[in-house]
Amino acid sequence: MRHARALHPRGRTYRATVRATGRTPGYGVDLLDRPGEYAALVRLSRGGSLPDGWPDVLGIGLRVYDGGAPGTDLDLLASTAAGRMPLLRHLPLPRRHIAAIYTTIAGYSTNQGRRYLAVLPDLTSRDLGTDLDELPDPRRERVSLLLAVASPWGIFHTFARITLREPVPEDLDARLAFDPVRNSVPGLRADGFVQRLRAVTYQGSREGRLVQPSKR
């Protein structure tokens, strides 16, 4: 009814570069299997849009262009979680600091079994603070995060670094529509109850916002 995002209405979107190490082969997905560099979009957001500095379920939306294969983009949505360990990674948890542990909460079906993805702090990066309106300028100093993958009972293994480059115009941020269900590939397929629920709710949110799933 308000023609806006149902969740995570406040956010900042950046163009970014994802550098993959190629140290997790066997998935049939370029982003995990092969070393390389990919153009990307990263959106940092607050789930409930509570005042900056207050604990909130923070979110990261990531679109990796050609991440599945040439011409096939991948979308990833992750929220701040209680921790990295197997049980904690499924529990959303409000956080203050933007550089936190983000997980996909729900899992992915892969040809190596069920897997979970995470966006983790990069200790070599400039600290992101607690205020979306006062994020460091990636054009002046390094701002980066890490991408990691884990089996259901395993630890997270880093396979890529996300480096922010510059903010996008507000009108592009408003039109963005990430969808990890539509923008997935057989080797990294978003499935399960939570993902099916996401498919329905994201479609409803897009219709309310009068936007279509956005691409490049």
Side-chain angles (χ1 to χ4, degrees), residues 1-18 20 27-32 38-49 57-81 89-90 92 102-111 114-119 132 145 147-149 159-160 162 164 167-216:
M1 290 176 63
R2 59 189 174 89
H3 303 302
R5 289 180 172 92
L7 295 171
H8 298 273
R10 274 193 63 218
R12 297 284 299 277
T13 300
Y14 294 82
R15 299 195 187 280
T17 300
V18 175
Y27 286 92
V29 180
D30 283 5
L31 179 63
L32 283 88
Y38 302 86
L41 290 175
V42 177
R43 186 173 193 266
L44 307 171
S45 60
R46 298 179 64 82
S49 218
V57 176
L58 309 179
I60 287 181
L62 173 66
R63 172 163 298 154
V64 183
Y65 296 118
D66 302 320
T72 302
D73 304 334
L74 288 177
D75 278 4
L76 166 69
L77 290 176
S79 302
T80 47
R89 67 182 60 150
H90 304 293
Y102 298 76
T103 73
T104 52
I105 307 296
Y108 284 75
S109 173
T110 80
N111 55 18
R114 196 137 190 91
R115 291 292 186 269
Y116 296 86
L117 300 178
V119 180
L132 285 176
L145 298 158
L147 264 177
V149 62
F159 66 89
I162 307 165
L164 276 58
V168 306
E170 291 185 7
D171 61 331
L172 175 56
D173 174 78
R175 296 195 308 271
L176 274 176
F178 295 95
D179 192 328
V181 179
R182 291 172 61 111
N183 293 337
S184 61
V185 294
L188 194 64
R189 177 69 66 189
D191 65 2
F193 172 75
V194 173
Q195 303 288 25
R196 290 194 295 271
L197 180 62
R198 277 177 167 174
V200 175
T201 55
Y202 293 163
Q203 179 180 348
S205 181
R206 289 193 299 268
E207 291 174 354
R209 294 167 55 203
L210 306 177
V211 299
Q212 294 298 319
S214 50
K215 289 293 183 181
R216 298 174 186 263

Determine whether a donor-acceptor pair (N or O, by modelled atom type, separation under 3.5 Å) exists between the side chain of Tyr38 and the backbone of Asp30.
yes
Listed by chain and number, what are the ring-ring contact (aromatic ring centres under 6.0 Å, His included) partners of Tyr116, not counting sequence neighbours?
His90
Measure the shortest side-chain to side-chain distance between Ile60 and Leu44 over non-hydrogen atoms and say whether it is less than 4.5 angstrom.
yes
Please name the pair of heavy atoms, one in Asp66 and one in Asp73, separated by the smallest distance, quoted to 0.1 Å.
N-OD1, 2.9 Å
Interatomic distance, CG@Leu77 vs OG1@Thr103, rounded to 0.5 Å, equals 11.5 Å
Close side-chain approach of Tyr27 to Val149, heavy-atom, < 4.5 Å
yes
Does Arg115 reach the side chain of Thr104, with side-chain heavy atoms less than 4.5 Å apart?
no
Using atom types as modelled and distance alone, determine if a side-chain donor or acceptor of Arg15 lies under 3.5 Å from a backbone N or O of Ala39.
no
I need the minimum non-hydrogen distance between Ser79 and Val57, along with the two atoms involved.
CB-CG1, 4.0 Å
Considering only heavy atoms from C-beta outward, does the side chain of Leu31 approach that of Leu74 to under 4.5 Å?
yes
Shortest non-hydrogen separation from Val18 to Ala160 and the atoms involved
CG1-CB, 3.8 Å
Any sub-3.5 Å donor-acceptor pair from Thr13's side-chain atoms to Asp173's backbone N or O?
no
How would you list, by chain and number, every residue that makes a side-chain hydrogen bond (donor to acceptor under 3.5 Å, both in side chains) with Tyr14, sequence neighbours excluded?
none
Would you say that Leu76 contacts Leu147 through its side chain, given a criterion of any heavy-atom pair below 4.5 Å between the two side chains?
yes
Restricting to non-hydrogen atoms, name the atom on Arg43 and the atom on Arg10 that form the minimum distance, rounded to 0.1 Å.
NH2-C, 3.7 Å
Identify the heavy atoms of Ala177 and Asp75 that sit nearest to each other, and give their distance.
O-OD2, 4.2 Å
When every non-hydrogen atom of Ala190 is compared with those of Tyr108, the smallest separation belongs to N-CD2, 3.6 Å
Ignoring hydrogens and geometry, is there a side-chain-to-backbone donor-acceptor pair from Arg12 to Leu132 under 3.5 Å?
yes
Donor-acceptor contact below 3.5 Å, side chain Asn111 vs main chain Gly187:
no
Residues which pass side-chain hydrogen bond (donor to acceptor under 3.5 Å, both in side chains) with Arg89, listed by chain and number, not counting sequence neighbours:
none
